[in-house]
Amino acid sequence: MFAAENGLKGDPRLKAISEAIRVVPHFPKRGIMFQDITTLLLNHKAFKDTVDIFVDRYRDMDISVVAGIEARGFMFGPSIALAIGAKFVPLRKPRKLPGEVISEDYVLEYGTDCLEMHVGAVKPGERAVVIDDIVATGGTLSAAIRLLETDTAEESKEKRARRELGLRLQSVAEHRSIYEVDRSAKLIDLRSRCIVLRHLSL
Ligand SMILES: O=P(O)(O)OC[C@H]1O[C@H](OP(=O)(O)OP(=O)(O)O)[C@H](O)[C@@H]1O
Ligand SMILES: Nc1ncnc2[nH]cnc12
C-alpha cells in the first residue's frame, strides 16, 4: 500500500530494506517475532535509502516538527529532520527530560510505559511527523499523537478537524508477521501492522 501510494511500487529499495531487518523469534518473550533494526543500521545503503524515502515524501510539505519516539525513533528522526529543514522533538521515557513536561501513559505488548515531551516544544498549528521503527499494538504511536495534540490544543476546532482528516500512516515495510502462531500461548498471527518506520503526518 505504501509503495503504491507513494509511487514506489516495484522499488527495489523496499525489498532490500525489509531484508536488512533481522527477525529474532521469541524475543524478548515467547511468541514475539522481534524485528531488529540494528542490522539495517549496519547496512549503509539500506539505512540511507530508508531515510531518503521519508525525506522525499515529506520535504516541501511545510512540516516544521519531526517528533522521534525513544529509543528507536531517535535513530532515524534527526536525519530526516535535518534533511527536510524541521526541528527534532524527542518524545522520551519518564523522568529523562529536565524541563516542564506533559506525559501520556500507554500499554505495550510486554508491559506498560509512558512518553513525555517538553511543554512548548511544539507550537499550536505546527505540522508534525512522528517517527518510530515499528507499530505493533499502536499504543506507543497513539500516546505520541495524544502528546502532540495536547500541546497544540489551543488551535481552532476547524483547523483541528482539517488536521485530523489529514492523518496519514505510512511505512516502508509491511505485512510482516510479528507474532508466532502459538496455540498453547493463545497468540494469534495477526500478519498485521508490523511496520518499520511507520510514521504519522499530523
Ligand atoms: O506499537 P506498540 O505496541 O506500542 O510497540 C511499538 C513500540 O515498541 C518498541 O519500543 P519499546 O517500548 O520496546 O522501547 P525501546 O525503543 O526503548 O526498545 C518500538 O520501538 C516502538 O516504539
Ligand atoms: N515485534 C517487535 N519487534 C521489535 N520491536 C517491537 N516492539 C513491539 N513489538 C516489537
Side-chain angles (χ1 to χ4, degrees), residues 1-2 14 17-43 46-47 50-51 53-54 65-81 88-97 101-118 121-122 128-150 167-182 185-202:
M1 191 161 52
F2 172 81
L14 299 183
I17 288 167
S18 282
E19 287 172 358
I21 298 159
R22 171 170 57 182
V23 179
V24 184
H26 308 304
F27 180 87
K29 67 175 193 189
R30 186 158 175 74
I32 303 286
M33 304 293 275
F34 191 84
Q35 312 292 309
D36 179 15
I37 52 93
T38 64
T39 47
L40 176 115
L41 304 176
L42 295 176
N43 178 332
F47 187 15
T50 303
V51 169
I53 287 170
F54 285 85
V65 179
V66 172
I69 298 176
E70 183 172 356
R72 294 174 243 162
F74 292 3
M75 298 171 192
F76 301 93
S79 306
I80 297 167
F88 179 74
V89 175
L91 306 183
R92 297 218 59 182
K93 299 288 166 69
R95 296 174 299 282
K96 300 283 186 187
L97 292 170
V101 296
I102 47 174
S103 308
E104 277 292 337
D105 295 321
Y106 59 95
V107 178
L108 279 164
E109 282 165 295
Y110 29 81
T112 60
D113 219 327
C114 171
L115 279 181
E116 295 187 339
M117 179 173 79
H118 269 144
V122 179
V129 173
V130 179
I131 298 286
D132 203 357
D133 67 324
I134 183 170
V135 172
T137 65
T140 309
L141 185 56
S142 302
I145 295 163
R146 290 197 301 275
L147 271 183
L148 288 162
E149 286 182 341
T150 309
L167 285 179
R168 291 275 183 281
L169 199 52
Q170 310 279 8
S171 68
V172 293
E174 51 194 331
H175 304 307
R176 298 172 63 157
S177 174
I178 55 171
Y179 302 98
E180 197 197 47
V181 180
D182 182 344
K186 294 201 169 52
L187 288 169
I188 311 158
D189 180 351
L190 296 174
R191 301 207 66 80
S192 64
R193 303 155 300 168
C194 169
I195 303 304
V196 173
L197 279 177
R198 246 193 190 191
H199 56 272
L200 189 93
S201 143
L202 295 174

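When a ligand or atom number is given, it counts from 1 through the structure's own listing order. For the single chain, residues carry numbers from 1 onward in sequence order.
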CZ/Arg22 to CG/Leu40 distance, rounded to the nearest 0.5 angstrom?
12.0 Å
Please check whether Phe34 reaches ligand 2 - meaning an N/O of the residue sits under 3.5 Å from an N/O of the ligand, judged on distance alone.
no
Ligand 1 and Gly138, any nitrogen or oxygen pair closer than 3.5 angstrom?
yes
For ligand 1, which atoms have a heavy atom of Lys93 less than 4.0 angstrom away?
12 (O), 14 (O), 15 (P), 17 (O)
Could you measure the distance from the CG atom of Leu41 to the CZ atom of Phe76? Nearest 0.5 Å is fine.
5.0 Å
Side-chain heavy-atom pair Leu115, Ile69 within 4.5 angstrom cut-off:
yes
What atoms in ligand 1 come closer than 4.0 Å to a heavy atom of Arg72?
9 (C), 10 (O), 11 (P), 13 (O), 15 (P), 16 (O), 18 (O), 19 (C), 20 (O)
Taking only heavy atoms of Val135, which atoms of ligand 1 are found under 4.0 Å from at least one of them?
1 (O)
Atoms in ligand 2 with a heavy atom of Gln35 nearer than 4.0 Å
2 (C), 3 (N), 4 (C)
Which of the atoms in ligand 1, numbered in the order shown and given with their element, are less than 4.0 Å from a heavy-atom of Gly139?
1 (O), 4 (O)
Say whether, by atom type as modelled, one donor and one acceptor occur between the side chain of His26 and the main chain of Gly31 under 3.5 angstrom.
yes
Partners passing side chain to side chain donor-acceptor pair (under 3.5 Å) against Thr39 (at least two apart in sequence or in another chain):
none
Between CG on residue Asp133 and CD1 on residue Ile21, distance to nearest 0.5 Å:
8.5 Å
Mode of Thr140 contact toward ligand 1 - side chain, backbone, both, neither (heavy atoms, under 4.0 Å)
both
Is there at least one pair of N or O atoms, one from Asp133 and one from ligand 1, spaced under 3.5 Å apart?
yes
Any N or O of Ala136 closer than 3.5 Å to N or O of ligand 1
yes
Checking Glu104 side chain against Ile102 main chain: does a donor-acceptor pair fall under 3.5 Å?
no
Atoms in ligand 2 flagged as close to Ala136, the criterion being non-hydrogen separation under 4.0 Å
8 (C), 9 (N)
Hey, does Val107 come in under 3.5 Å of ligand 1, counting only N/O atoms on both sides?
no
Short list, please: which atoms of ligand 2 are under 4.0 Å from a heavy atom of Ile32?
1 (N)
When rounded to the nearest 0.5 angstrom, what is the spacing between CD1 in Ile134 and CG in Leu141?
12.0 Å
Glu70: numbered ligand 1 atoms lying under 4.0 Å from its heavy atoms
16 (O)
Counting only nitrogen or oxygen atoms and a 3.5 angstrom limit, does Asp133 reach ligand 2?
no
Do Glu70 side-chain atoms and Pro90 backbone N/O form a donor-acceptor pair below 3.5 Å?
no
Holding to salt bridge (charged side-chain N to carboxylate O under 4.0 Å, His left out), I want the full list of residues that pass it with Asp113, two or more places apart in sequence or in another chain.
Lys93
